Amino acid sequence: MGQPAHDTTTAESQTPNDPTPTEAAPESPTEAATTAPESSSELTGAAAMFANDRASQHLGITVDDHGPGWAQCSMTVTEIMTNGHDITHGGYIFLFADTTFAMACNYPGSITVASGGDIDFLKPTHLGDELVARGHEVIKQGRSGIYDVTVTRGDEIIATYRGRSRTLSARK
């Protein structure tokens, strides 16, 4: 939150070592998702994926910033996300972390999907909580990758997620 957007239209971008990037770009993925439909055909990688991700958008997930190999997203827990114990249903936390993972692993020009993912729930969250997920590439070898996502509420880590990715071959 409060971080500038990044240009992810070139594959030359590198995963930053600093978790708070400072480069600027003309358009964030969230802005791209709200522009006219014809512009979404010009998007690539994570921005194109998020522009068509109706599930994440329906839940109010926003992409704060992203670049090749990393991403940061935000989500506010709404009433529909709470379970019978009045805490956030784990499936919504998983979806939130998985969306952040998808933003980190979809490089410009690629179509990358999850081949698996695991989550550890560390603390419960409640209605109105503001969550932030930060994901980064651990390793990418060929068409496979491993990504870690940390979900926080303020300074508290509430969940950790590890996703495994697979980049699909070009469609014929």
Side-chain angles (χ1 to χ4, degrees), residues 1-35 40 43-77 91-120 125 129-141 143-155 157-168:
M1 298 177 114
Q3 296 177 351
H6 282 261
D7 182 0
T8 59
T9 57
T10 61
E12 290 82 26
S13 299
Q14 297 296 315
T15 303
N17 291 329
D18 180 3
T20 55
T22 57
E23 298 173 19
E27 180 176 61
S28 74
T30 305
E31 292 168 336
T34 60
T35 58
S40 65
L43 301 173
T44 63
M49 185 273 315
F50 192 79
N52 292 315
D53 188 343
R54 291 172 294 285
S56 296
Q57 291 176 22
H58 177 73
L59 293 179
I61 294 172
T62 59
V63 179
D64 301 329
D65 205 357
H66 79 287
W70 65 274
Q72 177 178 309
C73 297
S74 298
M75 179 180 84
T76 302
V77 177
Y92 288 105
I93 302 296
F94 186 96
L95 188 150
F96 177 48
D98 190 61
T99 295
T100 306
F101 156 70
M103 292 301 299
C105 69
N106 273 277
Y107 287 76
S110 75
I111 298 175
T112 304
V113 297
S115 63
D118 300 294
I119 194 162
D120 290 302
T125 61
D129 283 352
E130 303 271 341
L131 306 180
V132 174
R134 292 177 184 87
H136 70 276
E137 182 177 277
V138 174
I139 190 166
K140 185 168 179 9
Q141 292 183 322
R143 293 179 16 204
S144 298
I146 297 174
Y147 295 77
D148 284 344
V149 178
T150 302
V151 181
T152 60
R153 173 186 52 215
D155 292 333
I157 297 174
I158 61 104
T160 59
Y161 168 99
R162 174 157 279 188
R164 296 173 300 282
S165 71
R166 185 73 172 171
T167 300
L168 303 178

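None of these values were measured; they are calculated from a predicted model. The analysis underlying the following values was restricted to heavy atoms, covering all of them including side chains, and did not include hydrogens, waters or symmetry mates.
Between I61 and L95, some side-chain heavy-atom pair lies under the 4.5 Å cut-off. Contact of the L131 side chain with the V77 side chain is registered, since non-hydrogen atoms from C-beta on lie closer than 4.5 Å.
Taking OH of Y147 as the start and CZ of R164 as the end, the distance is 13.5 Å to the nearest 0.5 Å. One finds the OH atom of Y92 at 12.5 Å from the OG1 atom of T125 (value rounded to the nearest 0.5 Å). Atom CD1 in I146 sits 12.0 Å away from atom NZ in K140 (nearest 0.5 Å). Distance check, rounded to the nearest 0.5 Å: OG1 of T167 to CD1 of I111 gives 10.0 Å. Note that CZ of F94 and OG1 of T99 are 10.0 Å apart. Values are rounded to the nearest 0.5 Å.
Of all the heavy atoms in N106 and T112, the pair that sits closest is OD1-N, 2.9 Å. Nearest heavy-atom pair, T100 versus A133, reported as atom, atom and distance to 0.1 Å: OG1-CB, 3.2 Å. Counting all heavy atoms, side chain and backbone alike, S165 lies closest to S115 at N-OG, 4.0 Å. When all heavy atoms are compared, the tightest approach of P68 to P108 is CG-CD, 4.3 Å. Nearest heavy atom pair, residue I93 against residue A159, reads CG2-CB, 3.9 Å. The two residues H66 and A47 have their closest heavy-atom pair at NE2-N, 4.2 Å.
Between the T150 side chain and the R134 main chain, no donor and acceptor come within less than 3.5 Å of each other. Without hydrogens or angle criteria, R143 side chain to Q141 main chain gives no donor-acceptor distance under 3.5 Å. Using modelled atom types, one side-chain atom of Q57 and one backbone atom of F50 make a donor-acceptor pair closer than 3.5 Å.
The aromatic rings of F101 and Y161 sit tilted relative to each other, their planes meeting at an angle between 30° and 60°.
The existence of a salt bridge linking D120 and R162 is excluded, since no basic side-chain nitrogen approaches an acidic carboxylate oxygen closer than 4.0 Å.
For the side chain to side chain donor-acceptor pair (under 3.5 Å) test, residues two or more places apart in sequence or in another chain that qualify with R153 are D129, E156. S144 pairs by the side chain to side chain donor-acceptor pair (under 3.5 Å) definition with R166, not counting sequence neighbours.
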